[in-house]
Amino acid sequence: MPNVLYRNHMGDDLEVVNDARISFAATADAMDWEHIVIPNVCNTVQSDKATTWVPVLSKADQNLIGFLARGCRSGEWNEAILDTILANDEIKAEKLLTWAKRLPPHWTPFGQQTIKLRMKAPTNIRTQAFKHKIGFVENEESRRYIKSTPELFIPDFRSAPEGDIKQGSGGIHPLNGEWQNQYIAHCNQAISTYESMIAGGVAPEQARFILPQGVYVNWVWTGSLYAFAEFYNKRADSHAQGEIQDLAREVATIISALFPVSWAALTE
């Protein structure tokens, strides 16, 4: 079962275009509409809402979305890159990077569109996700109120990174199976003790202290298209923890289907 499920959304690529074009008191129409099945729909969504219509944009509107995401016209972007490549000049390359970093993306049309997802992740991965605050709001299940048996995430354990690198990991640890067995035994003991505490009348808000970081947490996450793109760009990066990279890619599977032009412009 996927760890990211669709609940609902507001807006589409055409809305992005028209939210931008209001500056000139103008609007655009779609060239056509494509009917799609939304990936990984939550079981609370009615079956007739598991599909949606996605606008097919004109080339001009596609270019506008690219401009909004980059902060410059495609011609300027391509010319700057080509000029740097042909010059084969390190100083020019550094200037290009500085220029690109300072480009002012016109993010507000992307900020007008919202997506609501049901998320599931181990406790420490949820904590990483919650570091993304701007443009998001979340509601999380609370073990102050529920007494169900927590679900345990079982990872493939990776080797520590080489050298003095303080984060990240290498390939699968040669003793992965052995570490998994110890992990499962240790965590299941903690979960069993938790259930004994609940059965013994300990307050749930305190009994939860004993639960390991590896138990899953569920939450509803609503954010703007721009906020989710920022989350994806940071957490799908190769330097992010592997488990949150997987979560970010699941987010992308859903949102890229709903906003294909905007998502590509913001993340590729």
Side-chain angles (χ1 to χ4, degrees), residues 1-9 38-45 114-158 167-169 176 179-200 202-225 227-237 239-255:
M1 178 180 175
N3 292 321
V4 180
L5 298 174
Y6 168 86
R7 284 277 299 269
N8 58 57
H9 77 287
I38 302 172
N40 303 335
V41 173
C42 187
N43 60 12
T44 60
V45 175
T114 59
I115 305 99
K116 180 185 285 187
L117 303 174
R118 182 180 173 88
M119 310 287 294
K120 182 174 81 169
T123 302
N124 56 356
I125 301 303
R126 176 268 274 141
T127 299
Q128 290 185 35
F130 281 12
K131 289 182 179 179
H132 298 265
K133 294 296 184 186
I134 300 174
F136 285 107
V137 63
E138 68 277 338
N139 283 89
E140 176 189 0
E141 69 181 7
S142 172
R143 291 207 163 268
R144 294 187 70 192
Y145 312 120
I146 58 177
K147 301 177 181 179
S148 59
T149 301
E151 181 184 357
L152 180 64
F153 169 71
I154 302 174
D156 284 319
F157 287 100
R158 300 182 292 272
Q167 65 179 19
S169 56
N176 173 51
W179 287 119
Q180 279 185 330
N181 289 337
Q182 290 194 45
Y183 167 83
I184 292 169
H186 176 82
C187 291
N188 282 343
Q189 177 61 55
I191 292 170
S192 178
T193 303
Y194 166 79
E195 292 186 306
S196 296
M197 294 171 78
I198 294 294
V202 175
E205 65 183 22
Q206 291 182 306
R208 61 182 173 170
F209 290 154
I210 200 169
L211 290 173
Q213 289 279 296
V215 297
Y216 276 109
V217 177
N218 296 281
W219 74 96
V220 176
W221 213 17
T222 303
S224 71
L225 172 60
F228 274 115
E230 288 289 286
F231 165 76
Y232 174 82
N233 287 335
K234 290 178 173 61
R235 298 302 179 174
D237 184 84
H239 296 91
Q241 184 169 340
E243 287 77 13
I244 203 166
Q245 289 184 47
D246 294 338
L247 198 70
R249 283 190 285 266
E250 288 194 40
V251 166
T253 296
I254 295 172
I255 301 180

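Everything quoted here is computed from the prediction, not taken from an experiment.
No donor-acceptor distance shorter than 3.5 angstrom exists from the side chain of N40 to the backbone of L5, with no hydrogens or angles considered. Side chain of S192 to main chain of N188: no donor-acceptor pair is present (N/O by atom type, distance under 3.5 Å, no hydrogens or angles). Judged purely by atom type and a 3.5 angstrom limit, Q245 uses its side chain to pair as donor or acceptor with the backbone of A240.
The side-chain heavy atoms of Y216 and P122, taken from C-beta on, include a pair separated by under 4.5 Å. Using a 4.5 Å cut-off on side-chain heavy atoms (C-beta onward), E250 and M119 make no contact. Side-chain contact between T253 and Y6: absent, with no pair of heavy atoms (C-beta onward) separated by less than 4.5 Å. E138 places a side-chain heavy atom less than 4.5 Å from the side chain of K133. Between I198 and P204, some side-chain heavy-atom pair lies under the 4.5 Å cut-off.
Ion pairing between E243 and R158 holds under the 4.0 Å rule for side-chain N and carboxylate O.
Environment of NZ in K131: sparse, with no more than 12 heavy atoms of neighbouring residues, nucleotides or ligands closer than 6.0 Å.
The CG atom of N218 sits 8.0 Å away from atom CD1 of I146, with the distance rounded to the nearest 0.5 Å. Taken to the nearest 0.5 Å, the CD atom of E140 stands 12.0 Å off from the CH2 atom of W221. Taking CD of Q241 as the reference point, atom CG of L247 lies at 11.0 Å (rounded to 0.5 Å). The distance from the CG atom of L117 to the NE2 atom of H9 is 11.0 Å, given to the nearest 0.5 Å. With values rounded to the nearest 0.5 angstrom, T222 atom OG1 is found 4.5 Å from K116 atom NZ. Residue E141 holds its CD atom at 10.0 Å from NZ of K120, rounded to the nearest 0.5 Å.
The two residues Y183 and P155 come nearest to each other via the heavy atoms CE2-CD, 3.5 Å. The shortest heavy-atom contact between D156 and Q180 is OD1-NE2, 3.1 Å. The two residues A227 and G135 come nearest to each other via the heavy atoms CB-O, 3.8 Å. When every heavy atom of I254 is checked against every heavy atom of P39, the shortest pair comes out as CG1-O, 3.6 Å. Pairing each heavy atom of S148 with each of R143, the nearest pair is O-NH1, 2.7 Å. The two residues R7 and R118 come nearest to each other via the heavy atoms CG-N, 4.1 Å.
None of T123, I191, V217 except one satisfies the side chain to side chain contact (heavy atoms under 4.5 Å, CB included) rule with P150; the exception is I191.
For F228 and F136, the ring centers sit closer than 6.0 Å to each other.
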>> As a quick check of understanding, evaluate side chain to side chain contact (heavy atoms under 4.5 Å, CB included) for L225 and I255, giving each step before the final call.
In response: CA-CA 8 Å; L225 172 60; I255 301 180; 3.6 Å; yes
> Where do F231 and I244 land on the side chain to side chain contact (heavy atoms under 4.5 Å, CB included) test, with the steps shown first?
Replying inline: CA-CA 10 Å; F231 165 76; I244 203 166; 4.3 Å; yes
